[in-house]
**Student:** 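The structure that follows is given in the form of structure tokens.
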Amino acid sequence: MATIYAKAFGKTILFGEHAVVYGQPAIAVPVNAVYAKATIEALPKTNSHDALIVLPNLGITRNLSDFADNDPIRTAISITRDYLSIKMLPAMMITIASNIPIAAGLGSSAAVAIATIKAVSQFLGFSLENKEINDLAFQVEIIQHGKPSGIDNSTITYNQPLYFVKDYSMELLVLKNPIKIVIADSGIRSLTKEVVAEVRALYQKEPDTTGMIFDQIGDISKKARAEIEKGHLKMIGNLMTLNHQLLVRLGVSCNALDNLVDVALGNGAYGAKLCGGGKGGIIIAVTPEIHIEKVISALITNRAANVFMTTIGSTRDKE
Ligand code: MEV
């Protein structure tokens, strides 16, 4: 049988993280500069029905049955097999490689799950619809993140900019023009599950103030949608910085992220904010074309672990 492979890109949240868990709208986009790739080869000479899993980034080669029951890769494979009503997997080797930094706000866990679900289903002879892939990936995200909104798996599955309201609607966002975004990684790793739980505890302790912050973030997402559709970079940037300030009030930023946001703003960015769970991971900045190089080199000088650029809203990437 031919080798099968499937790819899934990273994602970033332009507006609305955390508030999205409480029903506010959020805007997320795929990041095609990073991706996870699952490759499957048959092992015809093996009698075992246990898949061999190779994770080159982590230096791991192990049988699937040796992974913990709640391991995200094991979960992605078993829910796909169950969904397709396959009793026993054929002998196969699944290699999952990714250049998406883990726990950095770039959707690494969702991308790995989606690449795995796509490759396994194709290898078993099925061509799943995006909705089916998304539903399966959401189940993996629930095990991984506790109570996720579903924005990460949806953005990555559909591979399009999304205006997303949890349990309600998901609209493809059409950008007037492609937008260049500078992404700077603080190098600090932080688990989304833990930060989401901290925000939940804050909401329980101070429901009025926290609820008001969620509402304000939701208003920003609504305004940002209109500005993105019109292509008003400066307004998009202003709204990003406002969104960052509200995330600071939610307690999900940290000195390193605030510093990177200030460096981007001090070097000509229209706006900047942390992305994803926070307390580490990445910031993004929207910058006028003439200042992009300056912003990138200032972020590098000011201790960003990695800085790169991505263009959102261009033609869809091949999977
Ligand atoms: C994580 O990328 C985004 C959060 O809003 C959590 C979620 O939506 O599930 C922090």
Side-chain angles (χ1 to χ4, degrees), residues 8-31 34 36 72 98 100-114 134-170 181 183 185-186 188-203 210-211 213-222 224 240 243-244 246-254 257 273-284 310 312:
F9 294 104
K11 70 93 200 32
T12 187
I13 299 188
L14 298 187
F15 295 95
E17 51 273 271
H18 288 293
V20 68
V21 176
Y22 300 87
Q24 296 294 339
I27 297 173
V29 296
V31 172
V34 288
S98 167
I100 311 177
I102 295 169
L106 281 163
S108 152
S109 60
V112 165
I114 289 163
N134 199 29
D135 289 348
L136 293 173
F138 187 50
Q139 291 180 45
V140 184
E141 286 284 275
I142 289 173
I143 289 168
Q144 183 88 328
H145 291 311
K147 291 193 172 128
S149 63
I151 191 168
D152 290 12
N153 49 282
S154 301
T155 309
I156 294 171
T157 300
Y158 290 93
N159 194 26
Q160 293 272 32
L162 291 185
Y163 183 83
F164 180 94
V165 184
K166 180 186 168 192
D167 299 334
Y168 181 68
S169 68
M170 185 167 68
I181 302 271
I183 299 180
D185 186 354
S186 65
I188 299 169
R189 298 294 166 247
S190 158
L191 292 178
T192 302
K193 184 178 186 165
E194 286 170 9
V195 190
V196 168
E198 285 171 31
V199 173
R200 188 170 298 281
L202 181 72
Y203 188 36
T210 313
I213 297 175
F214 292 153
D215 290 348
Q216 286 166 353
I217 293 178
D219 286 345
I220 288 178
S221 293
K222 286 176 203 153
M240 266 185 187
N243 193 161
H244 181 74
L246 290 166
L247 290 166
V248 170
R249 286 181 54 201
L250 276 186
V252 301
S253 192
C254 62
L257 292 174
K273 67 180 272 291
L274 71 83
C275 285
K279 293 221 162 167
I282 59 160
I283 66 124
I284 56 170
T310 193
I312 57 167

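Only this structure's heavy atoms are used, side chains among them; waters, hydrogens and symmetry mates stay out. Counting starts at 1 for both ligands and their atoms, following the listed order. Position 1 is the first residue of the sequence; numbering continues from there.
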**Student:** Considering residues at least two apart in sequence or located in another chain, which fulfil the side-chain contact (heavy atoms from CB on, under 4.5 Å) criterion with V195?
**Tutor:** H18, S190, V252, K279
**Student:** So, the side chain of K273 versus the backbone of M240: is there a donor-acceptor pair under 3.5 Å, distance only?
**Tutor:** no
**Student:** Of all residues at least two apart in sequence or in a different chain, which pass the side-chain contact (heavy atoms from CB on, under 4.5 Å) check with P148?
**Tutor:** F138, E141, I142, H145
**Student:** Checking the side chain of S186 only, and the main-chain atoms of G281 only, is there a donor and an acceptor separated by less than 3.5 Å?
**Tutor:** yes
**Student:** Residues two or more places apart in sequence or in another chain: which of them pass side-chain contact (heavy atoms from CB on, under 4.5 Å) with S108?
**Tutor:** I100, I102
**Student:** Apply the side-chain contact (heavy atoms from CB on, under 4.5 Å) test between F164 and each candidate in I27, T155, V20; give the one that qualifies.
**Tutor:** V20
**Student:** Might you list the protein residues in contact with ligand 1, defined as having a heavy atom under 4.0 Å from one of its atoms, sorted by chain and number?
**Tutor:** K11, I13, E17, H18, V20, V21, P148, S149, I151, D152, T192, V196, G276, G277
